[in-house]
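Bear in mind the structure is a predicted one, so any value in this text is a computation, not a measurement. Ligands are counted one by one from 1 in listed order, and the atoms in each one are counted from 1 as well.
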Amino acid sequence: MTSADASPAPTAFDHSGHPRWPLHPQPLPGETLMSWLARTSRLYSLIGTADLLDGLGVDTSGVDLDRYTPEPVLSALAQRSTCTAERLREMTLAGGTPWLLDSTDPGGCDFDTYVHQFSVLLPAGLARSDRRRRAPPAGTWLPWVSKLDTRACPLCIDDLDTDADIAVMMAHQYPMLTMTSCTKHLCRLEFCAVIPGRLVFWDRTPPGSDEHAPPIPVPAVVAEIDRRTAVALTCGSVELGGGRVHAGVWFRLLRTVVDEVSTPLVRTGWWAKPLSAIWKSTGHSRPLRTSWVPFEQLRCDEQAKVLFAAATAINAVENDEIAASGADACLLRPRRYEPVDPGAAPTRSRSPVPARSAWDGVIAAIDAAVAAARVDSDAARSLFGFARTGCRTEDDVDELAYAFVELGIRLDWD
Ligand SMILES: [Zn+2]
């Protein structure tokens, strides 16, 4: 007989020397830490999440546990449940570092590095001065993190077998401004208030009804972006036209396009034409505040329009429908099959040899190696190893690493 069966009305403090909680539901896939704690406390009479935390014997005051959970709290929670500290960390925003964001401390997130490491639609140097207008003061910004709003898919909630499984999902709530739709039902996530394990109050409820309003389908391009984000979150990488990229590349690339479609047309010269075509095809005009307010600080309706434009732009680049001159547009475009020339047997020819420098081949080979290294970790490692043979000092190696970063080649794969 388990300790849970022994007590019909257990309390979380019944462990009498044994630190494990008698009842502790398993976290649901994608659930936040606080949602799981709330569902756990539901299993006990007369106690809430705060009582569970008080009983841990470690200080949790003033800490937003869904954002960052200190290690002593994680290990105390791991001892009280059957989850590992590692699994519990994944249920917080800190579990998304360093691929979704560099740090949960705004002091550790540099706007320019995150947003402008890549360029897709616009040449890298274009509108550089304009970008500064959207840059938030240092130490005040986290990528993709906005004010706390809970969202959920009404159809996913309808599908649950039991109210006990009603939970707050990290991808739907906290940091993931990138996700606006349910990847299963392809409908918009709806704003709501969730009481984990019990019920959901929908913001958009028909008058006089406790049912939710009919779900709103999202455009196919937005659903596709959300699908990739979900894959990146769960698999750590995502397949793009140019090959598989690390989740960290995907989130930065997407944030780059979000910033590029936010650029005022007047700042983009010739490139105003494709940008304007993107906005026109969404059926919305660019919210004016996007010129000087970072995406994370826009209103929800403005964010949805910008994400729609970014998704449209990515789709157009992938289908070669617009001119994109950013250095990293190649990550989105399908990689063309390029057979290696087997060469020709040397023959003596009487015809004059065309004037051609041996460097033509070398330069083409370097370009190809750099393009491959941008999307392939093995190619990046090989190229770095090859180039490193010319380095004589540690400073030379640093210079080389910097040159790789400038070329958009990541050196911190896996
Ligand atoms: Zn759903």
Side-chain angles (χ1 to χ4, degrees), residues 25-39 42 66 87 90-93 95-96 100 144-206 209-239 247 250-251 254 258 282 299-301 303-312 314-315:
Q26 286 303 304
L28 297 166
E31 185 175 16
T32 66
L33 189 74
M34 287 302 282
S35 169
W36 171 70
L37 283 172
R39 288 196 306 115
R42 284 273 308 146
D66 276 349
R87 172 73 182 91
E90 286 170 10
M91 298 161 70
T92 71
L93 184 58
L100 173 66
W144 302 116
V145 176
S146 199
K147 73 183 173 71
L148 188 62
D149 274 315
T150 302
R151 295 171 302 170
C153 167
L155 298 179
C156 282
I157 298 287
D158 287 352
D159 284 353
L160 294 177
D161 293 332
T162 159
D163 288 349
D165 284 347
I166 290 178
V168 177
M169 298 301 164
M170 181 61 86
H172 292 174
Q173 178 208 327
Y174 202 178
M176 308 300 173
L177 287 174
T178 61
M179 288 193 76
T180 54
S181 66
C182 167
T183 52
K184 183 177 172 195
H185 296 106
L186 308 182
C187 62
R188 199 179 75 176
L189 296 173
E190 295 287 343
F191 289 102
C192 57
V194 175
I195 302 179
R198 289 185 65 187
L199 52 125
V200 179
F201 297 104
W202 301 103
D203 284 13
R204 204 167 57 86
T205 305
S209 157
D210 11 316
E211 286 295 302
H212 58 73
I216 299 174
V218 292
V221 289
V222 173
E224 173 57 17
I225 295 297
D226 285 351
R227 185 194 65 78
R228 291 180 198 178
T229 291
V231 170
L233 287 172
T234 47
C235 304
S237 64
V238 63
E239 198 70 48
W250 168 246
F251 287 114
L254 184 57
V258 159
T282 66
R299 291 194 315 268
C300 294
D301 59 314
Q303 287 169 345
K305 286 177 187 168
V306 172
L307 273 179
F308 186 13
T312 304
I314 287 172
N315 181 263

- Task: Using the side chain to side chain contact (heavy atoms under 4.5 Å, CB included) rule, take Asp226 and Val218 through it: C-alpha gap first, then chi angles, then the decisive distance, then the call.
- Result: CA-CA 10 Å; Asp226 285 351; Val218 292; 5.6 Å; no
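- Annotation: side chain of Ile216 is in contact with side chain of Glu190 (closest heavy-atom distance under 4.5 Å).
- For the Zn ion (ligand 1), the nearby protein N/O/S atoms, meaning those under 2.8 Å, are Cys153 SG, Cys156 SG, Cys182 SG, His185 ND1.
- Inter-residue side-chain proximity for Cys300 and Asp149 is flagged as met; some heavy-atom pair is nearer than 4.5 Å.
- If you take NZ on Lys305 and CZ on Arg299, they are separated by 7.5 Å, rounding to the nearest 0.5 Å.
- The distance from the CD atom of Gln303 to the OG atom of Ser146 is 4.5 Å, given to the nearest 0.5 Å.
- For Arg42, the side chain to side chain contact (heavy atoms under 4.5 Å, CB included) partners are Arg198, not counting sequence neighbours.
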